[in-house]
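A short worksheet on the structure shown next.
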2 protein chains.
Amino acid sequence: MGKISVKTLLQTTPNNQEVHVNGWVKTFRSNRFIALNDGSTLHNIQCVIDFEQFDEALIKSISTGAAIKVTGILVESQGRGQSVEIQVSAIYIHGEADAETYPIQPKKHSFEFLREKAHLRVRTNTFSAVMRLRSALSYAVHTYFQNNGFYYFHAPIITGSDAEGAGEMFRVTTLDAKQPPLTADGQVDYKEDFFGKETNLTVSGQLEAESYAMGLGKVYTFGPTFRAENSNTSRHLAEFWMIEPEMAFYDLNDNMDLAEDFIQWVLKYVLEHCGDDLAFLEKRLLDEEKGKPIAQRSEMALIEKLRFVVDNKFKRVSYTEAIEILKNSKPNKKKKFNYIIEEWGADLQSEHERFLVEKHFKCPVILFDYPADIKAFYMRLNEDGKTVRAMDVLFPGIGEIVGGSQREERLDVLKQKMAELQIDEEELWWYLDLRKFGTAVHSGFGLGFERLVQFTTGMGNIRDVIPFPRTPQNASF
Amino acid sequence: MGKISVKTLLQTTPNNQEVHVNGWVKTFRSNRFIALNDGSTLHNIQCVIDFEQFDEALIKSISTGAAIKVTGILVESQGRGQSVEIQVSAIYIHGEADAETYPIQPKKHSFEFLREKAHLRVRTNTFSAVMRLRSALSYAVHTYFQNNGFYYFHAPIITGSDAEGAGEMFRVTTLDAKQPPLTADGQVDYKEDFFGKETNLTVSGQLEAESYAMGLGKVYTFGPTFRAENSNTSRHLAEFWMIEPEMAFYDLNDNMDLAEDFIQWVLKYVLEHCGDDLAFLEKRLLDEEKGKPIAQRSEMALIEKLRFVVDNKFKRVSYTEAIEILKNSKPNKKKKFNYIIEEWGADLQSEHERFLVEKHFKCPVILFDYPADIKAFYMRLNEDGKTVRAMDVLFPGIGEIVGGSQREERLDVLKQKMAELQIDEEELWWYLDLRKFGTAVHSGFGLGFERLVQFTTGMGNIRDVIPFPRTPQNASF
């Protein structure tokens, strides 16, 4: 407490006052200029020392990565690009960083290399900017919902049921791994397990959130979810954070309105609060894309892209319309798509979603009213008997960022659907109770938080927007 | 969107305007007065109907728990305790709730009964108040840290290491439960598991948070943590949410200052924002305690107790002083404690902590400088060589609510401690790196969120402050 950050110092009017500040050395030039950073901001404060006044050994220990405390006078800076600097009177070395062995030297490191150093990578400009943005986005999510009458709901992480009726799950257990107890007929006896039954890590808090929406009205989750899919891609994590609002008395249109307003609001928040970090990441991306053929470069720079989403209405298109557009599209006719769209009922792939967003409409798109057969059991069946009130929000560069629906509120229709899909009613007795007692129209959606962080920061690999990524064969740190 | 909540309606100036509102029937008296609630607030809005104007079948379906939409004119209320009411012109029944089978009838239900109905209990006044407070407390936590220069850090949930060097953990696996693959020497072959090694659910995000504090300066976690302890008590959950701030350049005093300021701020926040729910819960607690002997009743009512914590400095006492006080205390001399304090070095039990807080100091207490032998390996050793810079914040009625420490920043001392406790250096290579490269004084603490919710709401059983509690033999819903 009472400690001053670099961020605050940089905004302080210099008045020849004595200041104390802690941080890590980013660079040390000419035995004279220390660029000091403490993580509070992307920017460093310049600390100017007269090396003749200091012990040689001390000067030697001021190297990139060393933690130091600087005491000195805050003055107007003579240098370019900075308003203030410190004329140093004393330096205390908290801890050195040997230049021979410290991996985070002031040069370009590949993201692959930095993933191996995930405990240190936040000391680089890129990752500190990404993680500050991740934090700001998180807070924007909470602030939006709290300001709009939603209550934060902590969905259970360990669960006895599979919410989506699909998806590979991680088992959670305390049974002996080698010789689990067996029942009389030779099966693993989960009655002996910690919870007295087989349990898994949740893939979604939606069903439980529905039960809370049917009491508190509007709720949202923001917590970790898990998929044990063996997908080693730049788009998949085994552990990721999900945001799932759920609202009583909302129909599909209300749901689409909410998704659009929510995304625009949180992006506006970071545009207003994280300008420095966004500008840095925008420049990083431009530099990176310089090495690419023009056709593969982004059409818009990062901040322009965010403003575009904030300022433009999302285009709402029914699945049926979208299929017509895709069927008649050039890449479909010329068989450039990997999956050719032949008829109504086809599941859309990322290439189709991106065509619609990036080539056809050139704006974020909300697709709605999907075929029932390609969507989950809990989605509200339309009067046509073949489509459901589902919606997906599609973003440039990223494809689906939100998936949601109006929920099936009719007990008999829901039961029939579950019977068709052989979902056990006894397993979901409590979910059916919500349709027995005071059921009502309600809706919700899920947003994969890391996709949002990727979109906002322009980072290409999802492993680079979460502190310690969990992927197949990797749970380091 | 554009839907009006009961909360908003109750604050609206009546002007004979037509309004539409959705909600659930709490009670329906004299075929005339519907108390309607939508979860946005504890309070109901009274909807007055002229039953002669409505179909008899419709009137019959208005029972406790039914979801309805009411249209009518907002007028000043004639009744006591409410400013406005609705003169109803139309009612739409979303969903009925059969009085014979709907479990949440307007009468007193035991908390044990309601735990069996965890999917419906948020429809009661008590649980809706508790869960709204839980949401407000969560937001207060985020707001405090974000306003004070902290960044939100998502610690990994699945981990290959045991952060505390102790604690029963849940294994996370995709191996075949009955016949796992074995190595040549007959052990379970975790190389075949999803992550290529044995993994568990985290018991704390602290060590990873330290790595981020040493880059971003000040960070905090707020996420689920897990203990596979077979403790079936009113104080333990297998899955609970923890808040763990971690700060570079903070010593133990800074850490104590932060803990005190943080707790006082979040309590002040709910006192300012959740007055209605707190007043309801205070009355509930007073009613409950009426049945108890006077000696067992709380000395302060709920809101008074919260104000007391907000308004009073926490008393800071060294462990050594505390032991002297306890040794000379009446309950120790008269052997009323279950564990008699005989000498320096004893681990304090809940009964001792509560004596210090409730009987001796009569205010929140921070104990610090504990014997090294009873604390974790990562705590900063004092110059006396036998105590560590640990601190526990003790609260009335609840005992320890925060545990923290200054962290051992010296590589050699940390390594020696790990060797003594046989903690594998290779396992924590990255944690040691933080002491090799730019190490510095740093500190942090952990706060069990459910304990804070219990303290704030006055709920006696921890299972009643989390939506879907996970405890031994129970992972329902």
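Reminder, nothing fancy here: chain letters follow the sequence lines and each chain counts from 1.
Contact of A:P156 with chain B is made through backbone and side chain together, with heavy-atom distances under 4.5 Å. With a threshold of 4.5 angstrom between heavy atoms, A:P180 approaches chain B through side-chain atoms but not through N, CA, C or O. Interface remark: A:I104 contributes no atoms to any contact with chain B (heavy atom separation under 4.5 Å). Proximity to chain B is limited to the side chain of A:F153, based on heavy atoms less than 4.5 angstrom apart. Both the backbone and the side chain of A:M214 come within contact range of chain B, judged by heavy atoms closer than 4.5 Å. With a 4.5 angstrom heavy-atom cutoff, A:N200 does not touch chain B via any of its atoms. Of the atoms belonging to A:N22, heavy atoms from both backbone and side chain fall under 4.5 Å from chain B. In this structure, chain B has a heavy atom under 4.5 Å from the side chain of A:L120, while its backbone stays farther away. Looking at A:K197, only its side chain comes within 4.5 Å of chain B, counting heavy atoms on both sides. Using a 4.5 Å cut-off between heavy atoms, A:T101 contacts chain B through both its backbone and its side chain. Contact annotation for A:K117: neither backbone nor side-chain heavy atoms come within less than 4.5 Å of a heavy atom of chain B. The contact between A:F449 and chain B is made entirely by side chain atoms (from C-beta outward), counting heavy-atom distances below 4.5 Å.
With ring centers used as reference points, B:H119 lies 6.0 Å or more from A:Y431. In summary, the aromatic rings of A:F468 and B:H154 are positioned with their centroids too far apart to meet the 6.0 Å limit.
B:R121 is linked by a salt bridge (charged side-chain N to carboxylate O under 4.0 Å, His left out) to B:D464, counting only residues two or more places apart in sequence or in another chain. In this view, B:E192 and B:L175, B:P181, B:D189 satisfy the side-chain contact (heavy atoms from CB on, under 4.5 Å) rule, not counting sequence neighbours.
For the options A:M131, A:R134, A:Q179, heavy-atom pairs under 4.5 Å to chain B are most numerous at A:R134.
Exactly one of B:Y139, B:F145, B:F150 qualifies for a ring-ring contact (aromatic ring centres under 6.0 Å, His included) with A:Y139. That residue is B:Y139.
Panel note: side chain A:W24, backbone B:G438; a donor-acceptor pair is recorded below 3.5 Å.
With 3.5 Å as the limit, one finds no donor-acceptor pair spanning the side chains of A:Q146 and B:T143.
Ring orientation note: the planes of A:F222 and B:Y152 are nearly perpendicular, at an angle over 60° on the 30°/60° scale. Using the six-membered ring where Trp is involved, A:F477 and B:W430 have ring planes that are perpendicular, over 60° apart on the 30 and 60° scheme.
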